[in-house]
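All values below come from the heavy atoms of this structure, side chains included, with hydrogens, waters and symmetry mates left out.
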Amino acid sequence: GGPMSRQQIAQISKGTKGQESAESPAPAGAAAQPTRTAAASTASAGARPVVPPGIEQYFLPDPAAGRGDVDAPVYSPVALGAARITFSDAKLGIDTARDVLFTVPIIAGAVPVDWQAAEEVAGTAADLRQEPAAGAQFLDLPAPAMQPKNYAAWQKAFSQWLTQTQRIELLRHAGTKLTATGQETEREFRARVQDALREARDAEVDAMKKKFTSKRESLAEKLRKAEGAVAREQQQASQQKTQTMFSVGAAAIGALLGRKVLSTGTLGRATTAARGMGRSMKEAEDVQRAGELVKTLQEQLAAFDETVREETQRIADSYDTAPELETITVAPKRGQVMVQFVALGWDPR
């Protein structure tokens, strides 16, 4: 026929635009995170789709909510998975749990939901909304999202994917066998390790001193006895010296008084004096020997105390360096991934 009307031309150009947007590949990440502008201009954005019964649906919080200059959001459909993952290891002293939320775009293809493309969302299931934001628009819902049975399959796949991919990295100190908890910062963990090291150091010093205590007490007891012996020997030597002096003096006085030189009394006194001098010399030697023993024991005790001091310093030095931490990776064990649900999610981002 004849020339096209203005209305027909408008319809054709509108159809071409729709075709182009359908055929031209979307930029990377656009499916996962449609920008507010791109989503708002999408031809298929419209009223909230009617979802078959049996399909749970939740609305993710709008990060732009509350800002006056922002339009009402455009929701895109996603598979929304919520789970609690426990990481525990009795040997490592670990027992921590994480609540996680993941979203992945639902597409009309052979694999409508691929958890490998999932991204974690801040918050937990408690932060989800039951109702959309006022004035929101919705992108079309792909056919697979309308099948309630699909969600059970996606939930099973979600659980498997979490088990394979979810890990936590924790700091560990091999020396003290301490492992950081999931909630601890590196600084807090280092402080805990330092405390444990101080306790270990003090315990090691105490054990070392205890090991040496009996030896030191034995040595100190010998020294006390030796010092007592010196005091006794000095007293005996002093008494013997005095006695010898009296004997020698008596013999000398007797001779001076002119008694018979060879009288029995004079001979006896002279003999006693001679014996006394011999004993005095022996007592002096005993004092010297006892004194030498005291000196030897004092030196041994001083050397012993120096050994204890050096050993204490060596132990202290061995704990003086900053603790070296290693990073360990912990995976959930069988039965430690508890999926709360996989539902239809509406993402306003």
Side-chain angles (χ1 to χ4, degrees), residues 79-104 113-128 151-213 308 310-343:
L80 175 65
R84 166 164 280 208
I85 307 166
T86 304
F87 301 91
S88 66
D89 190 315
K91 193 174 154 192
L92 295 174
I94 298 164
D95 190 8
T96 187
R98 286 182 65 216
D99 289 316
V100 295
L101 267 186
F102 284 93
T103 62
V104 64
V113 166
D114 179 7
W115 291 107
Q116 299 295 337
E119 60 175 73
E120 191 165 0
V121 179
T124 65
D127 301 309
L128 300 172
Y151 290 87
W154 295 341
Q155 180 161 324
K156 190 177 176 185
F158 180 53
S159 178
Q160 289 171 343
W161 175 76
L162 288 174
T163 305
Q164 289 162 5
T165 60
Q166 296 306 291
R167 305 287 182 266
I168 55 166
E169 288 192 340
L170 296 174
L171 291 171
R172 180 162 170 79
H173 182 252
T176 55
K177 294 181 179 173
L178 288 177
T179 307
T181 66
Q183 291 74 40
E184 237 173 351
T185 64
E186 181 177 338
R187 188 176 175 183
E188 287 166 342
F189 180 58
R190 277 190 184 278
R192 189 154 65 91
V193 169
Q194 291 282 17
D195 285 345
L197 286 171
R198 269 193 291 275
E199 284 177 20
R201 178 198 64 198
D202 293 347
E204 199 173 324
V205 168
D206 286 346
M208 180 270 297
K209 285 183 175 174
K210 193 178 275 185
K211 190 177 76 175
F212 283 121
T213 296
V308 170
E310 285 174 359
E311 191 66 11
T312 302
Q313 190 60 49
R314 184 195 65 76
I315 293 169
D317 289 346
S318 72
Y319 284 93
D320 199 30
T321 52
E324 281 188 28
L325 305 180
E326 58 183 336
T327 303
I328 57 165
T329 303
V330 184
K333 293 189 179 76
R334 186 180 178 86
Q336 290 190 326
V337 172
M338 301 295 290
V339 174
Q340 289 157 289
F341 59 79
V342 167

If you look only at pairs with a residue in residues 165-183, which of them pass as a side chain to side chain donor-acceptor pair (under 3.5 Å), with sequence neighbours excluded? Thr96-Gln183, Arg172-Thr179, His173-Thr176

Can you pull out every side chain to side chain donor-acceptor pair (under 3.5 Å) where at least one residue sits in residues 198-207? Sequence neighbours excluded, please. Asp195-Arg198, Glu204-Tyr319

Met208 atom CE: more than 12 heavy-atom contacts under 6.0 Å: yes

Run the side chain to side chain donor-acceptor pair (under 3.5 Å) test against [X] and tell me which residues pass, sequence neighbours left out.
X	value
Gln340	none
Gln194	none
Thr327	none
Ser159	none

Phe102 vs Leu162, side chain to side chain contact (heavy atoms under 4.5 Å, CB included): CA-CA, chis, key distance, verdict: CA-CA 10 Å; Phe102 284 93; Leu162 288 174; 3.8 Å; yes

Donor-acceptor contact present, side-chain Trp161 to main-chain Asp114, <3.5 Å: no

Closest non-hydrogen atom pair, Pro332 against Phe87: CD-CE2, 3.5 Å

Nearest heavy-atom contact between Leu101 and Ala82 is CD2-CB, 3.6 Å

Enumerate the salt bridge (Lys or Arg N to Asp or Glu O under 4.0 Å) contacts for residues 89-99, please, sequence neighbours excluded, ordered by first and then second residue. Arg84-Asp99, Arg98-Glu120

Quick one: CD1 on Ile328 to CD1 on Ile94, what's the gap to the nearest 0.5 Å? 4.0 Å

Mind checking what makes salt bridge (charged side-chain N to carboxylate O under 4.0 Å, His left out) contact with [X], not counting sequence neighbours?
X	result
Glu184	Arg192
Glu311	Arg314
Glu186	Arg190

Could you go through Val113 and Val342, starting from their C-alpha distance and side-chain angles, then the distance that decides it, and tell me whether this counts as side chain to side chain contact (heavy atoms under 4.5 Å, CB included)? CA-CA 11 Å; Val113 166; Val342 167; over 6 Å; no

Contacts of Ala343 that satisfy side chain to side chain contact (heavy atoms under 4.5 Å, CB included) - sequence neighbours left out: Glu56, Tyr58, Phe341

Hits for side chain to side chain contact (heavy atoms under 4.5 Å, CB included) against Lys209, two or more places apart or cross-chain, chain-then-number order -> Val205, Val308, Thr312

Is any side-chain heavy atom of Leu128 closer than 4.5 Å to one of Leu80? yes

Please examine the side chains of Phe189 and Leu178, heavy atoms only from C-beta on, and report whether any two atoms are closer than 4.5 Å. yes

As a quick check of understanding, evaluate side chain to side chain contact (heavy atoms under 4.5 Å, CB included) for Gln336 and Ile85, giving each step before the final call. CA-CA 6 Å; Gln336 290 190 326; Ile85 307 166; 5.7 Å; no

